[in-house]
Amino acid sequence: MEDFYIGNIVIDGDTYLFYLADYKIRIICNCAQNQKLSYRKIIAYLGDDWWINVYDFENRNLAIKVDNIDYALLNKCMLSVEGYFVTSSFEKGNTASDQAQFRNICIRNDIIDYMFRNDREYLEDVIYSLNDWNKCRLDIPEPKEKYSPIDLQINGEKYNMKFKVMVQGSTAPFPFNINHAIIISSDNNGTFKEAWYVVKLMRLFLKFISQSGGVNFKEKIYVYQDDINTCDTFLYLRNEENVSIIRERVLEYTDIEMGISKLITLIDNNGILFRSLFPIDKDIISYKDIMNICAAFESQAPDFADNEQRNVRRKMVRKI
């Protein structure tokens with residue numbers, strides 16, 4: 001369960017109370033003031049992009065991406081939230097920015113660790129990183145850069161992508177979390193909407209390399225300027241379908257190293273049809289799954305859609 005947020009939201013000149021928890025935002029009317037809500041009023045407030053930007057009572061700025069109106073009654077409504085940014089303002093009276101400015105995004109996920117499961121030099125990176133936490137630092141040489149930075153073109157903007165081993169303090173019995181991470185960087189300040197686009201694209205990239213229909217993030221995603229240790233903006237994404245990630249099925253970094261940039265460009269240009277491209281986490285394959293896989297194949301390999309394949313498809317349809 002994520003944090004609970006409560007504050008005021010102004011809709012069409014009226015101030016309402018909102019609650020955000022478990023990827024649901026509830027908006028409550030004040031009956032004493034004869035406030036009313038309607039589906040039409042909520043639609044007009046959400047606008048074309050369905051983003052909400054509000055502050056809670058703890059002066060945290062929330063940029064919330066709504067993807068569905070669950071209900072809108074006369075005195076309350078509930079909206080489904082796909083994800084949201086939280087920007088904390090720690091100093092009393094200091095107001096956080098309405099735009100989550102960023103130069104770097106840090107994404108961690110088990111899939112990224114599985115990419116490097118056969119990295120023989122991983123231990124060197126871990127020892128060097130842990131040495132930064134050592135009270136009496138040892139004279140350990142910095143490991144050579146193993147993964148070259150990758151230049152990307154995402155949604156018309158230039159970005160840089162690199163893989164890094166990160167160590168973070170933990171309250172678990174072993175007091176550190178050690179993970180591989182993807183760092184996406186830009187020379188320009190970006191907005192939360194641009195950060196949202198980049199993260200959603202990287203989720204599709206992780207789906208592709210893990211051959212999975214769903215990718216979830218167990219922790220927040222860091223959105224920051226230059227130093228991750230001063231990060232005060234975090235992105236939370238709602239879980240997708242519950243799909244088990246099989247470690248051995250994740251493509252290794254060495255297998256895709258030369259094509260990562262082209263792969264991400266292809267995903268960015270909607271050149272990969274993800275629906276039923278990979279087997280889903282079920283014991284039974286249905287007729288519908290077969291048809292969707294055929295459709296995905298035809299969409300991405302049009303040269304193979306000859307008359308013979310069309311005839312086979314027609315026979316399959318008749319059988320179904």
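For the numbers below, each heavy atom of this structure counts, side chains included, while hydrogens, waters and symmetry mates do not.
For the side-chain contact (heavy atoms from CB on, under 4.5 Å) test, residues two or more places apart in sequence or in another chain that qualify with Y45 are I9, I11, I52, V54. With sequence neighbours left out, the side-chain hydrogen bond (donor to acceptor under 3.5 Å, both in side chains) criterion links S80 to K24, D70. Listed by chain and number, the residues in a salt bridge (charged side-chain N to carboxylate O under 4.0 Å, His left out) with D113 amount to none (sequence neighbours excluded). Scanning for side-chain hydrogen bond (donor to acceptor under 3.5 Å, both in side chains) contacts around R238 gives D67, with sequence neighbours left out. Applying the side-chain contact (heavy atoms from CB on, under 4.5 Å) rule to K65 yields the partners W50, W51, E82, W196; only residues at least two apart in sequence or on another chain are considered. For S186, there are no side-chain hydrogen bond (donor to acceptor under 3.5 Å, both in side chains) partners at least two apart in sequence or on another chain. Remark: R117 engages E252 in a salt bridge (charged side-chain N to carboxylate O under 4.0 Å, His left out) (not counting sequence neighbours). Partners of D49 under the salt bridge (charged side-chain N to carboxylate O under 4.0 Å, His left out) rule, at least two apart in sequence or in another chain, are K193. In this structure, Y224 has no side-chain hydrogen bond (donor to acceptor under 3.5 Å, both in side chains) partners at least two apart in sequence or on a different chain.
Among residue pairs with one or both ends in residues 152-170, none qualify as salt bridge (charged side-chain N to carboxylate O under 4.0 Å, His left out); sequence neighbours excluded.
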Atom pairs and distances, donor-acceptor, side-chain atoms in residues 257-269, under 3.5 Å, two or more places apart:
{"from": "S261", "atom 1": "OG", "to": "D151", "atom 2": "O", "distance (Å)": "3.2"}
{"from": "T265", "atom 1": "OG1", "to": "S261", "atom 2": "O", "distance (Å)": "2.9"}
{"from": "D268", "atom 1": "OD1", "to": "Y197", "atom 2": "OH", "distance (Å)": "2.4"}
{"from": "D268", "atom 1": "OD2", "to": "N155", "atom 2": "N", "distance (Å)": "2.9"}
{"from": "N269", "atom 1": "ND2", "to": "T265", "atom 2": "O", "distance (Å)": "3.2"}

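Among all heavy-atom pairs drawn from M166 and A181, the shortest one is SD-CB, 3.5 Å. Closest approach of N59 and Y55 over heavy atoms only: OD1-CD2, 4.0 Å. Here the closest heavy-atom approach between residue G190 and residue E194 is recorded as CA-OE1, 3.0 Å. Between V86 and L62 the shortest heavy-atom distance is CG2-CD2, 3.7 Å. Scanning all heavy atoms of the two residues, the minimum distance from R203 to V215 falls at NE-O, 3.0 Å.
Apart from L73 itself, the hydrophobic cluster it occupies contains Y71, M78, where clustering links Ile, Leu, Val, Met, Phe, Trp and Tyr at side-chain heavy-atom distances under 4.5 Å.
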